[in-house]
Amino acid sequence: MRGRTWAGAVLVLGVQLPAFWLVAAVEVYTPKEVVAVNGTNQRLKCTFSSSSPISQQLSVTWNFQPEDMSSHEPVFYYLKEPHKPPSGRFKERVTWDGNVERYDVSIMIWNLQPTDNGTFTCQVTNSPDVYGTIGEVRLRVVQKVSFSEIHFLAVAIGSASVLMIIVVAVAIICRQRRRKAQEKRTEVADAEL
């Protein structure tokens with residue numbers, strides 16, 4: 001009896017395994033965090049990869065989880081064409097900014113407010129690839145841009161470059177003046193002879 005049970009389990013597993021191979025996963029890619037200034041517009045980038053070609057059943061769902069962890073809110077939906085949300089905080093402030101042929105399902109949020117701080121999720125299904133990762137991007141809306149180390153480094157490199165150009169220009173001008181003075185002395189000496 002044990003042999004039959006074991007053989008049955010192998011047979012069932014052998015039939016189910018190819019079904020698992022047919023349903024591949026969709027991989028979704030988003031930045032971990034985006035910082036934007038209050039009142040500006042921000043593109044929330046979301047790209048994906050799929051083992052299947054783009055299908056007519058490709059769907060994209062964007063949702064929002066506020067920082068206060070209240071309930072999820074729908075932000076945007078795509079199925080054959082973009083569909084704006086019929087209500088909610090993003091009703092008139094979100095537009096499609098993607099291109100499914102390029103595996104880009106990004107959106108644009110307009111006129112950002114501090115109440116938009118939170119986590120946006122991007123989920124893609126592309127039949128038969130229906131399972132996969134969900135992209136998450138945390139949005140932080142700030143009152144003004146902070147002066148980061150990168151800005152400081154850019155200013156330092158720019159200043160050093162300008163200083164280097166000035167030093168080279170002064171060296172060239174001094175050299176030309178010396179040469180002209182030398183030529184003038186040579187002409188005076190030749191004239192005296």
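Taken to the nearest 0.5 Å, the OG atom of Ser49 stands 10.5 Å off from the CG atom of Asn126. Between Lys80 atom NZ and Leu58 atom CG the span is 11.5 Å, to the nearest 0.5 Å. Residue Glu136 holds its CD atom at 11.0 Å from SG of Cys122, rounded to the nearest 0.5 Å. Rounding to the nearest 0.5 angstrom, the gap separating the CH2 atom in Trp96 from the CD atom in Glu81 is 11.5 Å. Summarising the geometry, atom CG belonging to Leu112 is positioned 5.0 Å from atom OG1 belonging to Thr40; distances are rounded to the nearest 0.5 Å. With rounding to the nearest 0.5 Å, the separation of CD in Gln56 from CG in Leu79 is 9.0 Å.
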Working for side chain to side chain donor-acceptor pair (under 3.5 Å), residues Ser127 and Ser55
CA-CA 6 Å; Ser127 186; Ser55 74; 5.4 Å; no
Verdict with reasoning, Val105 to Val100, per side chain to side chain contact (heavy atoms under 4.5 Å, CB included):
CA-CA 6 Å; Val105 292; Val100 292; 4.2 Å; yes
Output, in order, the C-alpha distance, side-chain angles, deciding distance and verdict of ring pair (Phe, Tyr, Trp, His ring centres under 6.0 Å) for Phe90 and Phe120.
CA-CA 12 Å; Phe90 300 106; Phe120 289 80; 5.6 Å; yes
Could you go through the side chain to side chain contact (heavy atoms under 4.5 Å, CB included) check for Val35 and Val142 one step at a time?
CA-CA 7 Å; Val35 178; Val142 297; 3.9 Å; yes
Step-by-step side chain to side chain contact (heavy atoms under 4.5 Å, CB included) determination, Gln123 to Val60:
CA-CA 6 Å; Gln123 184 174 9; Val60 180; over 6 Å; no
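Counting only heavy atoms from C-beta outward, the side chains of Glu73 and Pro66 approach each other to under 4.5 Å. Within the 4.5 Å cutoff, no side-chain heavy atoms of Val137 are placed close to those of Thr119. Here the side chains of Ser59 and Val124 are not in contact, with every heavy-atom distance at 4.5 Å or above. Side-chain contact between Gln143 and Val37: absent, with no pair of heavy atoms (C-beta onward) separated by less than 4.5 Å. Counting heavy atoms from C-beta outward, Gln182 and Glu187 have side chains that stay 4.5 Å or more apart. Trp62 has its side chain within reach of Leu44: a pair of non-hydrogen atoms, C-beta onward, lies under 4.5 Å apart.
Checking Asn111 against Gln113 by side-chain atom types alone, a donor-acceptor pair falls below 3.5 Å. Under 3.5 Å, the side chains of Ser106 and Asp97 contain no donor-acceptor pair of N or O atoms. Side chain to side chain, Asp104 and Thr47 fail the donor-acceptor criterion of an N or O pair below 3.5 Å.
Among residues at least two apart or in separate chains, there is no salt bridge (Lys or Arg N to Asp or Glu O under 4.0 Å) pair with a member in residues 157-172.
When each of Val75, Thr95, Ile107 is checked for a side chain to side chain contact (heavy atoms under 4.5 Å, CB included) with Lys84, only Thr95 meets the rule. Residue Phe48 is tested with Tyr29, Tyr78, Tyr103 for a ring pair (Phe, Tyr, Trp, His ring centres under 6.0 Å); the sole match is Tyr103.
Counting all heavy atoms, side chain and backbone alike, Gly132 lies closest to Ala25 at CA-CB, 4.0 Å. Of all non-hydrogen atoms in Arg43 and Met108, the two that sit nearest each other are N-SD, 3.5 Å. Closest approach of Pro31 and Lys45 over heavy atoms only: CD-O, 3.4 Å.
Electrostatic pairing of Arg138 and Glu67 counts as a salt bridge here, judged by a charged N lying under 4.0 Å from a carboxylate O. A salt bridge links Arg93 with Asp116: the closest approach of a Lys/Arg side-chain nitrogen to an acidic carboxylate oxygen falls below 4.0 angstrom.
Checking side-chain atoms of Arg178 against main-chain N and O of Ile173 turns up no donor-acceptor pair under 3.5 Å.
Using a 4.5 Å cut-off between side-chain heavy atoms of Ile, Leu, Val, Met, Phe, Trp and Tyr, with links allowed through other members, Phe76 and Val34 fall into the same hydrophobic cluster.
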